[in-house]
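Following: one structure in structure tokens, then a few remarks.
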Amino acid sequence: MTDKRRTMAEAIAEYVRDGMAIAIEGFTACICFAAGHEIIRQRRRDLTLIRMTPDLIYDQMIAAGVASRMVFSYLGNPGVGSLNAIRRAIEHGIPAPLELEEYSHYGMVGRYIAGATNLPFYPLRSYTGSDMLQANPRIKIIDDPYRGTPIAVVPPINPDVAIIHAQRADIHGNTQLWGLLGSQKEVAFAARRRIVVVEEIVAESVIRADPNRTLIPGLIVDAVVHEPYGAHPSYAQGYYDRDNAFYLAWEDLSAEHDRVVAWLDEWVYGVADRAAYLAKLGEAHLTQLRPTPAPAGAVDYGAYR
Amino acid sequence: MSYSASEMMIVAAARALAGARTVFVGVGLPNIACNLARHTVAPDLELIYEAGVYGGGPARLPLSIGDPTLVTGATAVVSQADLFGLYLQGGLVEVALLGGAQIDRFGNLNSTVIGPYDRPKVRLPGSGGACEIAANAQRTFMIMRLKRRAFVERLDFTTSPGHLNGGDSRQRLGLQGSGPALVITDLALFDFANPEHEMQLIATNPGISIDTVRAEIGWPIRIADVVQTTAAPSAEELRFMREELDPEGMYR
């Protein structure tokens, strides 16, 4: 098996091209900001950005002008308010108009599952009675072929590249993730290429000691990037907390387009890579995000020879 | 003991969960209400969060729906495919708490846009899981502040179906859950217990008149035969909420 380790700059340069459909998933947890920032630095254009919750990462990327389309299901800064940059793009075309394709959460999950399992569509009990059907003609109501009753279906989605942040992987890309799983497994299997970004690279024996925790097999992984704190200001369960203070501060930082541009100049274009971003953030800041330990009790798989 | 309108709303929501086994929780005020219910009227209540958490017991007030404190110590943490498929669509959610920018007389909710969809005056968050939660939870409770701009004659956009056009229109569309059962506001309580499934005033908060309630609703609100006065929060409800659940007073 090959060593798939790359730097973030190498992985983005190799796999993310202008005009592609890119998914950086992670539901509140394990959102790979490091990858989003590198895409901004490499000045990709005309991307379709796919994510259930665009979150601050897509707010930053859309303000930076990398995207022309977005596929999503919830557009908010949870517990805080709006995603101001994306709203400016939608409401006023600043910095550029943004085409939307909108679903509900389960609709997005269903699209990933259909994409991953080569199904023509995914049926779900949602959308009936909702104007979302009019807002997005790709969501359709068909007749259940067995009972004849109407059921909503969504089409499969196969992102060109999925970027998945996780706690650990081996150099072959066998990846373990815990805490909120989001739709990371489904998007990984649905995508055509996968970049895995991890807090730690571990020996293959560590992965093999706990196979139930392996969400993504190296078989489907194209690149492994070792990027500690790569999900900040989101979080990696057991490694660091969500930087809620930053999520709260973003409300002001993103209030005007010029302010976002100034923030990007300082924190994205102004740093060479994630290591420089972390140095700028400071050790003390990172230390206060560390949780106290709460380890799982080990389970015994048994040895069978 | 004095209390705020928000505290009254949280306490009313908690009491409405009496005896419930599972509840689908949102962040903020609903999260406090569910944790208060667990301490008071619903000790066996399991909290379900759309982030994939079943049986969460947050050790601090979570800012977001995906806070790591919801994970540590939970009964189960599952993928969103499992959460929406097995738990929600599987019919295991007894009560879901929902909110929105606009609600109409049949409990339909808008959380998508103000103005036309293609040229919105205000772009709101959108569905998230709300559309399927509204369809599949056994019952839904709405928690919203009573304001004329929110309680409207006509929604700008229907994100999450309630009783649709009233009567049996929800049933005819084949939605699994029975739909909106209660609307909990900072001024009054409403239910839909009539053949038309139309929102009706059933209780006012202490010191609030029916006319005050009427003035905040954009259609002639139906009034139940008996309108009760909700009991003020007890000392213990207030203590637990202030000391244990929201010590910084974010939702006071």
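Both backbone and side-chain heavy atoms feed into the values below; hydrogens, waters and symmetry mates do not. Letters A, B, ... mirror the listed sequences (proteins, then strands); counts begin at 1.
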>> Looking at chain A, which one of B:Pro120, B:Ala74, B:Gly73, B:Gly85 has the largest number of heavy-atom pairs inside 4.5 Å, strictly under?
In response: B:Gly85
>> Heavy-atom cut-off 4.5 Å, strictly under: side chain, backbone, both or neither for A:Leu100 against chain B?
In response: side chain
> So do B:Val77 and A:Leu180 actually touch side chain to side chain, heavy atoms under 4.5 Å?
Replying inline: yes
> With sequence neighbours excluded, what pairs up with B:Ala193 under the side chain to side chain contact (heavy atoms under 4.5 Å, CB included) test?
Replying inline: B:Asp191, B:Gln200
> Do you know which of B:Gly128, B:Pro161, B:Gly66 has the most heavy-atom pairs with chain A at a distance under 4.5 angstrom?
Replying inline: B:Gly128
> What residue, out of A:Leu75, A:Leu181, A:Val80, A:Ile86, has the most heavy-atom pairs lying under 4.5 Å from chain B?
Replying inline: A:Leu75
>> Using heavy-atom distances under 4.5 Å, tell me whether A:Leu248 contacts chain B through its side chain, its backbone, both, or neither.
In response: side chain
>> Heavy-atom cut-off 4.5 Å, strictly under: side chain, backbone, both or neither for A:Ile113 against chain B?
In response: side chain
> So what's closer than 4.5 Å to chain B heavy atoms on A:Ala294: side chain, backbone, both or neither?
Replying inline: side chain
> More than 12 non-hydrogen atoms from neighbouring residues, nucleotides or ligands closer than 6.0 Å to CZ on B:Arg149, yes or no?
Replying inline: no
>> Let me confirm one number: the CG-SG distance from A:Leu133 to B:Cys131, rounded to the nearest 0.5 Å.
In response: 8.0 Å
> Given a strict heavy-atom distance threshold of 4.5 Å, which part of B:Val122 is in contact with chain A: side chain, backbone, both, or neither?
Replying inline: both
> Measuring heavy-atom distances to chain B, does A:Met52 have an atom under 4.5 Å in its side chain, in its backbone, in both, or in neither?
Replying inline: side chain
>> Tell me which of these, A:Gly179, A:Gly110, A:Pro150, has more heavy-atom pairs under 4.5 Å with chain B than the rest.
In response: A:Gly179
>> I'd like to verify something: which residue of A:Pro78, A:Pro54, A:Gly182 has the highest number of heavy-atom pairs under 4.5 Å with chain B?
In response: A:Gly182
> Who pairs with B:Ala135 by side chain to side chain contact (heavy atoms under 4.5 Å, CB included), at least two apart in sequence or on another chain?
Replying inline: B:Leu175
Between chain A and chain B, which donor-acceptor pairs sit under 3.5 Å apart?
unit_1, atom_1, unit_2, atom_2, d
B:Glu50, OE2, A:His105, NE2, 3.3
B:Arg60, NH1, A:Asp241, OD2, 2.8
B:Arg60, NH2, A:Asp241, OD1, 2.9
B:Arg60, NH2, A:Asp241, OD2, 3.2
B:Gly66, O, A:Tyr235, OH, 2.5
B:Pro68, O, A:Gln237, NE2, 3.3
B:Thr72, OG1, A:Gln237, NE2, 3.1
B:Gln80, N, A:Gly182, O, 3.0
B:Gln89, OE1, A:Arg125, N, 2.8
B:Tyr117, OH, A:Glu102, OE1, 2.6
B:Arg123, N, A:Glu91, OE2, 2.8
B:Arg123, NH1, A:Glu102, OE1, 2.8
B:Arg123, NH2, A:Glu102, OE1, 3.2
B:Arg123, NH2, A:Glu102, OE2, 2.7
B:Pro125, O, A:Leu75, N, 2.7
B:Gly128, N, A:Ser73, O, 2.7
B:Gly128, O, A:His105, N, 2.8
B:Glu132, N, A:Ser126, OG, 3.4
B:Glu132, OE1, A:Ser104, OG, 2.6
B:Glu132, OE1, A:Ser126, OG, 2.7
B:Glu132, OE2, A:Ser104, OG, 3.2
B:Glu132, OE2, A:His105, N, 3.3
B:Glu132, OE2, A:Tyr106, N, 2.6
B:Asn136, ND2, A:Arg125, O, 2.8
B:Thr158, N, A:Asp131, OD2, 2.7
B:Thr158, O, A:Ser130, OG, 3.2
B:Thr158, O, A:Asp131, N, 2.7
B:Thr159, O, A:Ser130, OG, 2.8

